[in-house]
Visitor: 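I have a structure here, written as structure tokens, and I will follow up with some questions on it.
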Amino acid sequence: MQIECGLQRGTFAFCAWRSSKVYSSDMQSTIETTLKQDIHSAIQACFETTIDDLVLQPTKKEFEGTYTFVTFALTKALRRAPQQIGQQIGEYLVGNSSLVSGFNVVQGFLNLSLKSSAWLQVLQDIVADSSFGNQPANGQSVMVEFSSPNTNKPLHLGHLRNNCLGDSVARILKANGYEVVKTCLVNDRGIHICKSMLAYQKLGQGETPESSGLKGDHLAGKYYVEFDKEYKRQIAALVAEGMTEDAAAKQAPWILEAQDLLIKWENGDEETVTLWKKMNGWVYEGFQQTYDKMGISFDKTYYESNTYLLGKDIIEEGLKKGVFYQKEDQSVWIDLTEEGLDHKLVLRGNGTSVYITQDLGTTELKYGDYHNDRYMWVVGNEQDYHFNVLFAILKRLGRPYAQECFHLSYGMVDLPSGKMKSREGTVVDADDLILQMAQTAENRTRELGKIEDFAGDEARKLYHMLALGALKYFLLKVDPKKRMLFNPEESIDFQGHTGPFIQYTHARLCSILRKAESNGVVAAVPAEGFAVHSTEAEVVFYLSQYPARIQSASDEFSPALISLYAFELAKLYNQFYAELSIFADPDPQAVQFRVALSAAVAKTIRHAMGLLGIDVPEKM
RNA sequence: GGUUUCGUAGCUCAAUUGGAUAGAGCACCUGACUACGGAUCAGGAGGUUUGGGGUUCGAAUCCCUACGAGACCA
């Protein structure tokens with residue numbers, strides 16, 4: 001008899017990559033595997049049956065035990081009460097399992113406690129595993145495209161979320177065995193770029209980053225705002241003369257001039273292209289400074305100015321294949337009603353591209369360059385529809401990579417006043433925010449006065465590390481899919497559920513390890529005959545969950561899972577730290593064990609924070 | 001108008017994907033040993049999971065509906 005009690009993963013309509021994932025059991029610790037085998041034996045022995053996929057969950061804190069086996073699902077097939085099933089299995093395990101020391105049954109929940117020897121073995125395995133947290137190469141490669149800024153304005157908080165997510169997901173995939181190519185597609189041409197160019201031509205008077213002291217991207221952004229101001233004035237003036245709002249928006253002198261500039265650029269007009277190059281150069285330099293500060297880099301940068309003409313040949317191909325159809329005005333469309341989408345324009349009647357045309361071409365280009373097995377785009381959820389359309393078209397065209405594309409759609413960062421709008425000046429600037437965070441870190445550190453022995457340069461590095469820790473953690477601890485709120489009035493915290501909390505725990509751990517070294521204590525896990533305290537067992541158990549957590553984070557593309565893990569681990573360790581003395585314990589085995597445990601926690605915290613792109617200090 | 005996402009403590013977020021008495025942090029109140037770092041720890045208070053129906057052993061989670069918020073498509 002077979003009983004179904006496994007969990008089925010949800011499926012995602014547009015992503016074979018994701019929907020094909022099944023929770024694998026290969027990431028569980030060896031102790032978990034053994035325990036499951038023992039439960040299987042118990043079920044076999046008690047009820048003469050087997051079950052397919054047996055699920056263990058961590059026991060809730062308010063109950064005694066570490067692992068919980070839920071028996072509700074078995075009641076129908078066994079025709080017994082859930083308590084009775086739990087009781088029988090529990091009794092069998094205590095008598096026959098080498099791991100189980102005790103159990104209790106609450107309704108349909110069988111809570112199991114493990115022997116000290118089991119925990120010693122688990123920690124021993126973790127300590128011995130030099131690649132703990134890293135999987136061997138799985139032979140799959142994935143391209144992660146993220147950041148993708150516009151060169152008409154500086155980066156803001158929304159970009160920071162994007163950057164942190166893309167960077168962290170890339171690290172997580174890598175730890176899970178993927179070969180990762182990080183790419184960035186710079187949106188460096190188009191009407192919005194021409195707007196700042198025009199305003200600069202009109203008002204710039206030769207201003208440069210050097211002459212103004214402004215960072216290049218901020219300088220360009222300033223003229224983008226100037227354009228908008230003047231444009232609005234012109235519209236208002238036309239409306240005052242009796243024109244409708246719509247007509248005025250189309251006929252204001254500056255918008256006409258900007259459009260003219262765009263045509264000149266497309267025709268390669270020398271003066272225009274020179275200005276474009278000059279201003280974009282400033283912006284790239286500014287962006288690079290911000291990326292450097294954040295510790296973010298790319299393996300390959302694509303520029304839209306090189307790719308915006310791509311894709312037209314694919315339209316041609318699609319027409320021949322009958323995937324697209326042409327209207328009388330020569331515009332090209334695709335009917336995606338079967339996929340639950342609309343009719344979608346893929347090429348304008350005058351032969352010019354729309355976004356989707358370019359994306360078709362760029363995706364083809366990326367595939368040609370790298371032949372990755374999988375492609376990910378880290379882009380805000382405002383473009384959900386766009387990506388659904390893009391992937392649907394790729395499938396219709398029969399592209400080999402169509403099934404392997406995934407849009408990592410993340411929620412917007414909102415302000416208390418609502419959405420950030422750069423033209424209305426309601427943005428939180430990335431550079432400002434990083435600077436402000438560093439200042440907070442400095443103030444806080446000075447107050448506490450713990451690093452008086454640091455040289456000036458060393459201290460500055462620490463402030464920066466803490467600032468980025470706080471900022472990145474703030475952005476990564478929330479489920480990527482959900483929108484999140486940032487309140488500039490309440491600056492990002494350094495206490496509680498924060499990056500610095502975890503960084504602090506690491507610093508304190510390092511302090512312990514330094515002391516162990518100076519005391520001549522060697523970290524060691526006793527083989528037998530040492531009673532592991534329940535708080536210690538909790539820490540060991542949590543450590544053992546780490547590989548499975550990385551696997552989930554990789555499957556779900558969610559750094560938030562790693563963030564929460566690091567926080568919980570730090571919190572558990574702090575409890576242990578407050579509860580038990582490490583060096584004052586009379587039992588030398590206890591001292592060695594606790595130092596070994598501390599070393600393992602330090603290593604794991606460092607690794608987990610590393611997956612978030614956050615550095616941890618040895619002192620703070 | 002059509003499509004779609006969301007609504008959990010005063011605030012910001014969790015909840016092992018349908019499991020136990022819905023958990024953390026912030027803010028608020030009360031405590032912490034000359035043992036290792038108090039950016040810490042222990043405790044208290046705080047909830048009709050937006051309202052209303054339904055599905056079943058069991059719902060914040062799935063279905064229907066009303067209200068509210070966001071996004072996208074012309």
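Note that these values count all heavy atoms, side chains included, but never hydrogens, waters or copies made by symmetry. Sequence lines set the chain letters: A, B, ... in the order given, protein chains first and strands last, and positions in each chain run from 1. Note that the structure is predicted; figures quoted are calculated from it, not measured.
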Visitor: Per the salt bridge (charged side-chain N to carboxylate O under 4.0 Å, His left out) rule, which among A/Lys482, A/Arg483, A/Arg161 passes with A/Asp414?
Guide: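 Option passing the salt bridge (charged side-chain N to carboxylate O under 4.0 Å, His left out) with A/Asp414: A/Arg483.
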
Visitor: Return the set of residues passing side-chain hydrogen bond (donor to acceptor under 3.5 Å, both in side chains) with A/Glu338 (not counting sequence neighbours), or none when no residue passes.
Guide: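 Applying side-chain hydrogen bond (donor to acceptor under 3.5 Å, both in side chains) to A/Glu338 gives none.
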
Visitor: With a cut-off of 6.0 Å (strictly less than), are more than 12 heavy atoms of other residues, nucleotides or ligands near CD of A/Glu64?
Guide: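 Check fails, neighbour count at 12 or below.
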
Visitor: Among residues two or more places apart or on two chains, list those pairs meeting salt bridge (Lys or Arg N to Asp or Glu O under 4.0 Å) that have a residue in residues 513-526 of chain A.
Guide: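 Output for this query is empty, none listed.
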
Visitor: Within the sub-3.5 Å range, which N or O atoms of nucleotides 54-59 of chain B have a protein N or O partner, and how far apart are they?
Guide:
none

Visitor: Give the nucleotide from the list B/rC41, B/rU17, B/rC36 with an atom nearest to the side chain of A/Glu556.
Guide: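 Nearest nucleotide to the side chain: B/rU17.
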
Visitor: List the protein contact pattern of nucleotides 69-74 of chain B with one symbol per nucleotide (5' to 3'): B for base contact, S for sugar-phosphate-only contact, - for none; contact means a heavy-atom distance under 4.0 Å.
Guide: -SSSS-

Visitor: Where does the angle between the aromatic ring planes of A/Tyr325 and A/His343 fall among parallel (under 30°), tilted (30 to 60°) and perpendicular (over 60°)?
Guide: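 Answer is perpendicular, since the angle exceeds 60°.
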
Visitor: Please list, one pair per line, the donor and acceptor atoms closer than 3.5 Å that link side chains of residues 612-620 of chain A to other protein atoms, with sequence neighbours excluded.
Guide:
from: A/Lys619; atom 1: NZ; to: A/Asp453; atom 2: OD2; distance (Å): 3.4

Visitor: Could you pull out the protein-nucleic contacts involving nucleotides 22-29 of chain B (nitrogen or oxygen on both sides, under 3.5 Å)?
Guide:
from: B/rG25; atom 1: O2'; to: A/His497; atom 2: N; distance (Å): 3.0

Visitor: Hey, can you pull the residues of residues 438-449 of chain A with a non-hydrogen atom under 4.0 angstrom from RNA chain B?
Guide: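 Under 4.0 Å from RNA chain B: A/Arg444, A/Thr445, A/Leu448.
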
Visitor: Counting only pairs under 3.5 Å, give me each side-chain donor-acceptor contact of residues 583-590 of chain A, with atom names and distances, residues two or more places apart or in other chains.
Guide:
from: A/Asp585; atom 1: OD1; to: A/Asp587; atom 2: N; distance (Å): 2.9
from: A/Asp585; atom 1: OD2; to: A/Arg594; atom 2: NH1; distance (Å): 3.0
from: A/Asp587; atom 1: OD1; to: A/Gln589; atom 2: N; distance (Å): 2.9

Visitor: Mind listing the residues from residues 582-605 of chain A sitting with a heavy atom below 4.0 Å of RNA chain B? Number order is fine.
Guide: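 Those residues are A/Ile582, A/Phe583.
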
Visitor: Output a table of donor-acceptor pairs, distance under 3.5 Å, between side-chain atoms of residues 560-571 of chain A and any protein atom two or more places apart or on a different chain; print 'none' if there are none.
Guide:
from: A/Ser563; atom 1: OG; to: A/Leu476; atom 2: O; distance (Å): 3.3
from: A/Ser563; atom 1: OG; to: A/Pro559; atom 2: O; distance (Å): 3.0
from: A/Tyr565; atom 1: OH; to: A/Tyr542; atom 2: O; distance (Å): 2.7

Visitor: Using a 4.0 Å heavy-atom cut-off across all strands, classify A/Pro82 as base, sugar-phosphate, or nothing.
Guide: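 It contacts nothing in the nucleic acid.
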
Visitor: Kindly confirm whether the side-chain ring of A/Tyr504 is stacked on the base of B/rG37, judged by centres under 5.5 Å and planes under 30°.
Guide: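 Here A/Tyr504 fails the 5.5 Å or the 30° condition.
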
Visitor: Quick one: stems involving RNA chain B, counted as three or more successive Watson-Crick or G-U pairs, both distances short of 3.5 Å.
Guide: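 Only these stems qualify: B:1-7 with B:67-73, B:10-13 with B:23-26, B:28-32 with B:40-44, B:50-54 with B:62-66.
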
Visitor: Enumerate the residues from residues 613-620 of chain A whose closest heavy atom to RNA chain B is under 4.0 Å, giving them by residue number; use none for an empty result.
Guide: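 Per residue number, the list reads A/Glu618, A/Lys619, A/Met620.
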
Visitor: Could you please name the option among B/rU16, B/rC36, B/rC41 that lies closest to any side-chain atom of A/Lys515?
Guide: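 Selected nucleotide: B/rC36.
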
